[in-house]
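What follows is one structure encoded as structure tokens, with my remarks underneath.
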Amino acid sequence: MRVAVVGGGTSGLAIQHAVEQRGAECVVMSRSTGFDVRDAQASDRLTEFDVVIEAVGGTFLRRRPAEEFFTTSTRTIARATESSGTRHVLLSIVNCDLPEVRGYGYFAAKAEQERVARQVSPRLSIVRSTQWFEFAGQNQQRMKVGPVSIVPAMQIQPVALDAVAETIAEEALSDRPHDLVEVAGPETMTLQELTRATCPPSPRPVEVTIPTTYGKAFTNGALLPPPTTPIVGPVLSDWLASRKLQ
Ligand SMILES: NC(=O)c1ccc[n+]([C@@H]2O[C@H](COP(=O)([O-])OP(=O)(O)OC[C@H]3O[C@@H](n4cnc5c(N)ncnc54)[C@H](OP(=O)(O)O)[C@@H]3O)[C@@H](O)[C@H]2O)c1
């Protein structure tokens, strides 16, 4: 089995590790390895794989460029699967398509990416997770303003990225793939609590309630998974303890 992970950021190496642990060959492809999903020839380079896992991402301030980027990436991968037997696994976010959070451009773009993927990709599995434990660190870097970092007020049920990567690898290598798989972590907390527990004290995290409909929805639990969502991975304290041992 030959697997490509397109993206290769925070999630890329974790997914590669989980796939290789299961005995499959796995290549991570992104601009830093000379692969750009926006290139005209990008699809041709994916047809040699049995499975392509789509895990691209970026920092976007507005909905339009985010939507443009995510849907271009998805169309590139879908084109590769049209002309070969390649399967497509798309990494996405639990509840990104809820009406009350669609004012948030990034989620609107992820929801549009899922919609386009369902339309154009013939052998598609979507794996959605809640926010990762690692998300607090990503947010701290992305939202840094001088000595502080803005932490949107939100209730989340975060999950260890390694556990999400296991789910993705299982789905990618399964001979009975699902259309949609959702996973979440075991505990509910605020992003500010997660940030305090997992990130360095500087830049200082400052919790801010976003004064919009989606900001209110974030604080009211719109990002919490449905109760039937499978729980994967350790509780936060065990995850922190295991990292200290490494
Ligand atoms: N963070 C979370 O908690 C969370 C939860 C659930 C789902 N997700 C989803 O998981 C996906 C991956 O997230 P992540 O945090 O791992 O992403 P990330 O750390 O932002 O990394 C994304 C990678 O995409 C690559 N990339 C960007 N533009 C590209 C292009 N034009 N062509 C090829 N590669 C490109 C970049 O590598 P180069 O610079 O080398 O190109 C970058 O390393 C995202 O779609 C995100 O929405 C995230």
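We count ligands from 1, going down the list as the structure has it; atoms in each ligand are counted the same way.
- Glu187 meets the side chain to side chain contact (heavy atoms under 4.5 Å, CB included) test with Met189, Val235, Leu236; sequence neighbours excluded.
- Shown here are the side chain to side chain contact (heavy atoms under 4.5 Å, CB included) partners of Ser149, two or more places apart in sequence or in another chain: Gln140, Met143, Pro203.
- Protein residues having at least one heavy atom under 4.0 Å from any atom of ligand 1 are Gly7, Gly8, Gly9, Thr10, Ser11, Ser30, Arg31, Ser32, Phe35, Asp36, Val37, Arg38, Ala55, Val56, Gly57, Gly58, Phe69, Phe70, Leu91, Ser92, Ile93, Tyr106, Lys110, Ser129, Thr130, Gln131, Trp132, Phe135, Gln138, Arg142, listed by chain and number.
- For the pair Thr81/Pro122, a side-chain contact is recorded, criterion being any heavy-atom separation below 4.5 Å from C-beta on.
- Environment of CD in Glu20: crowded, with over 12 heavy atoms of neighbouring residues, nucleotides or ligands closer than 6.0 Å.
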Under 3.5 Å, which donor-acceptor pairs do the side chains of residues 159-185 form with other protein atoms, sequence neighbours left out?
| residue | atom | partner | partner atom | Å |
| --- | --- | --- | --- | --- |
| Glu166 | OE1 | Arg22 | NH1 | 3.1 |
| Glu166 | OE1 | Arg22 | NH2 | 2.9 |
| Thr167 | OG1 | Ala163 | O | 3.1 |
| Glu170 | OE2 | Arg22 | NH2 | 3.3 |
| Glu171 | OE1 | His178 | ND1 | 3.0 |
| Glu171 | OE2 | Ser125 | OG | 3.3 |
| Glu171 | OE2 | His178 | N | 2.5 |
| Ser174 | OG | Arg176 | N | 2.8 |
| Ser174 | OG | Arg176 | O | 3.3 |
| Glu182 | OE2 | Arg128 | NH1 | 3.0 |

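- A salt bridge does not link Arg64 with Glu67: none of the charged nitrogens is closer than 4.0 Å to a carboxylate oxygen.
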